[in-house]
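Below, each value reflects all heavy atoms present in this structure, side chains not excepted, and no hydrogens, waters or symmetry copies. Labels below follow one simple rule: chain letters A, B, ... track the order of the sequence lines, proteins then strands, and each chain is numbered from 1. A quick note: this is a predicted structure, and the numbers were derived from the prediction, not measured.
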Number of protein chains: 2
Amino acid sequence: MTKDKRVTSYDVAREAGVSQSAVSRVFRPGLSVSKKTREKVMTTANKMGYRPNAIARMLITKQSGMVAVIVSSRANVNYPEVLSQVSKQLAARNKRVLLFTLDNAEGGDELFEQIWTFQVDGVIALAAHFDHNSLDKFKEHKIPVVLYNRNVPDALANTVCCNHELGIKQLVNELKLNQPKNYLVISGPEDSDVATERREIALKQLEKHGEQQVSVLYGDYSYQSGRDCLAQWLKSNPAPDAIICSNDIMAVGVIDEAREHHNIDVPNDMSVVGFDGVSSSSWFNYQITTIKQPLEQLTKAAVDMLLEHIENPDSPPETRVITGTLIEGNSVKRP
Amino acid sequence: MTKDKRVTSYDVAREAGVSQSAVSRVFRPGLSVSKKTREKVMTTANKMGYRPNAIARMLITKQSGMVAVIVSSRANVNYPEVLSQVSKQLAARNKRVLLFTLDNAEGGDELFEQIWTFQVDGVIALAAHFDHNSLDKFKEHKIPVVLYNRNVPDALANTVCCNHELGIKQLVNELKLNQPKNYLVISGPEDSDVATERREIALKQLEKHGEQQVSVLYGDYSYQSGRDCLAQWLKSNPAPDAIICSNDIMAVGVIDEAREHHNIDVPNDMSVVGFDGVSSSSWFNYQITTIKQPLEQLTKAAVDMLLEHIENPDSPPETRVITGTLIEGNSVKRP
DNA sequence: GTGAAAGCGCTAACAG
DNA sequence: CTGTTAGCGCTTTCAC
């Protein structure tokens, strides 16, 4: 019963008294096989426990059916959920996720070689930093790449991202309600493209509103860094009227630090906004005013776009921007 | 420059004036090749941008170098982090993660077929429910499987798990400090093995202590379900003295619900404990007394175990239990 | 140490 | 509709 070797299409063919290619045909969807042959093959295949070998198929079709997904080790907090969404979306399109973690330490070169080796059909990058160099390599080798939530200036890459511009504009409008004088921007790490974008937009918006007193500090997206930034700031400055954080988790840290160690009331003494709309942002103690990223639509767009470019490798780069929704929480002072 | 075809070992061989097998040898670590040949091959390979085709290698060696990792769609909150840890650990051992999401809807049979097809070297299951049937199939086909945080009664599977027994004993001891009279256990979903284990251990411990007034409610590990369970309970019952939650996130929900809608002070009116030690459990407003799972050690153990069983397919099933650490927060009343 | 040759298990023309 | 045939790109004996 339990053969040590895996059963191959030849074994099935022999047993069923047909040719090997007949077996192959039965297992390729949409190929014409007579009902009789199909049944004969299917029953013996099932009896023998035969399943086609995907590796062999990949080798001959030059289509691995695998998509490399790159996640940064220091990933933004909601990437995990993004990952499982992407995986499900791809599975529905009959593709699998081959996971790669980008340790910021080692270069993207090594990563590229790895991925290239596996003949993946495409790449989705959720990583913090994915440099131009690697991007060019993939392009050169005609491997479609979709960047998730990353705006590449020259727009020579496929990108799906949340509408940061609009979102942050809305957040700033919320903050303006009570006409704050001093602003603090707590940005994500300097080497994160998303962080850079969110920070720069925030600064631009504030400037447009004629705000003069704006400072910037850098965290690393973590709760603790939110706390640390505020604590450090307060060592030599008064509490700002409004804080714009590059993500919700740092906003939570800021709020906790304010309340625990500095006796600052949020939102009455200080307004705080975040970004992402992660679940904890709406917990009773925080209720952060933030922009909720439409995860499902973002991931769906990313997968759709990737598949289109796999089908049609020469279609030009594309950017899809999806609008998030403003969550009016209770972390911003109202007039 | 940009050839449309991928360059193969034959191309390199021709260019370098050696045989194809020489090229192959150069790219297999630990094979004897003369220094001269090696250099010649390496330089032309680099010049031509050659990298061995992993798919072809898989086909001939019958080792895909891929490990299937199964995650449940309704995954416990800290699985994401587990996933990236596992991925990194495996990468260090030169294996890649092929991701599968188990939608509780479709059966494990379909999933098995999928995985089998890809000739993976092994499987790590982080899924909520992975039935005996599938387990047997993998065993029958000699694919090593490691279950993460799941105790299978008959111990016929490889398992790595946190020491739930000890952890919950410690939590109950903490609760006992103030001699509560009424206990409420808020369990994870009924079809989750981890939830079942944690719940049953809790009930056993309470019984051992002679506690009479113990009730059980079922959530789904989510924040909202924690809130809902408490709200529902309070409709027809007084607040319990102590609540044991199957994970931290539900404990957070319980605490928020108590404070927001029922004017119950935690810990003074009601003690709450969680499990997992996720980062938000230590946030200022919660500081939940919980058991912190040693994630890194757990994942390392899982990967080690899997690789041992890949090397030695006939070694008997094994269970590795790793002790978590009690975090004494501020959610339990002290005498 | 090196090259020739035989596949791994499958798909995809191509005749029949 | 079916069988024959020729590979996909690599690893691995086996002579030399």
Q: Return the nearest nucleotide to the side chain of Arg25(B); candidates are dG3(C), dT4(D), dC10(D).
A: dG3(C)
Q) Atom CG of Leu59(A) to atom P of dT11(D): distance rounded to whole Å? A) 12 Å
**Q.** First encountered from the 5' end of DNA chain D, between Gln20(A) and Arg38(A)
**A.** Arg38(A)
Q: Grab the CE-C1' distance between Met58(A) and dG9(C) for me, whole Å please.
A: 13 Å
Q: Write down the distance between NZ (Lys40(B)) and P (dG1(C)), rounded to a whole number of angstrom.
A: 15 Å
Q: Evaluate the side-chain proximity of Val26(B) to Val18(B): yes if any heavy-atom separation is below 4.5 Å, no if none is.
A: no
**Q.** Any Val71(B) side-chain heavy atom under 4.5 Å of Thr101(B) side chain
**A.** yes
(Q) Quick check: any donor-acceptor pair below 3.5 Å linking the side-chain of Ser9(A) to the base of dG9(C)? (A) no
Q. Closest to the Ser21(A) side chain: dT4(D), dC8(D), dC10(D)?
A. dT4(D)
Q) dC10(D), dC8(C), dC10(C): which one has an atom nearest the side-chain heavy atoms of Thr8(A)? A) dC10(C)
Q.
Quick check for you: among dT11(C), dA4(C), dG3(D), whose closest atom lies nearest to any side-chain atom of Val18(A)?
A. dG3(D)
Q: Kindly point out which of dC10(C), dG3(D), dC10(D) is positioned nearest to the side chain of Ala22(A)?
A: dG3(D)
Q. Between Gln119(B) and Thr37(B), who's closer to the 5' end of DNA chain C by nearest nucleotide?
A. Thr37(B)
Q | Glu39(A) CD to dC1(D) P, straight-line distance once rounded to whole Å | A | 15 Å
**Q.** Whole-Å distance separating the CD1 atom of Ile55(B) from the C1' atom of dT11(C)
**A.** 15 Å
Q) For dG9(D), does either OP1 or OP2 sit under 4.0 Å from a side-chain N or O belonging to Lys62(A)? A) yes
(Q) Out of the candidates Arg28(A), Arg38(A), Glu39(A), only one should pair with Val33(A) under the side chain to side chain contact (heavy atoms under 4.5 Å, CB included) rule; please name it. (A) Arg38(A)
Q | Among dG9(C), dG1(C), dC10(D), the nucleotide that comes nearest once only the side chain of Ile60(B) is considered | A | dC10(D)
Q) Hey, are Arg93(B) and Asp304(B) close enough for a salt bridge, meaning a charged N less than 4.0 Å from a carboxylate O? A) yes
Q) Relative to each other, are the rings of His141(A) and Trp116(A) parallel, tilted or perpendicular (30° and 60° limits)? A) tilted
Q.
A side-chain contact here means heavy atoms from C-beta on lying under 4.5 Å apart; do Leu83(A) and Leu99(A) qualify?
A. yes
Q | Proximity to the side chain of Ser19(B) - top-ranked nucleotide from dA4(C), dG9(C), dT4(D) | A | dA4(C)
**Q.** Spacing of Asp11(B) atom CG relative to dC8(D) atom C1', expressed in whole Å
**A.** 13 Å
Q) Across the strands shown, which category fits Phe27(A) at heavy-atom distances under 4.0 angstrom: base, sugar-phosphate, nothing? A) nothing
Q. Quick one: which of dG9(D), dT11(D), dA4(C) gets closest to the side chain of Arg28(B)?
A. dT11(D)
Q) To the nearest Å, how far apart are Asn53(A) CG and dC10(D) P? A) 17 Å
Q) dT2(D) phosphate, OP1 or OP2: any side-chain N/O from Ser34(A) under 4.0 angstrom? A) yes
Q) Nearest-Å distance, CZ (Arg14(B)) to P (dC10(D))? A) 12 Å
Q) Can you find a side chain N or O atom of Tyr10(B) that sits less than 4.0 Å from OP1 or OP2 on dT11(D)? A) no
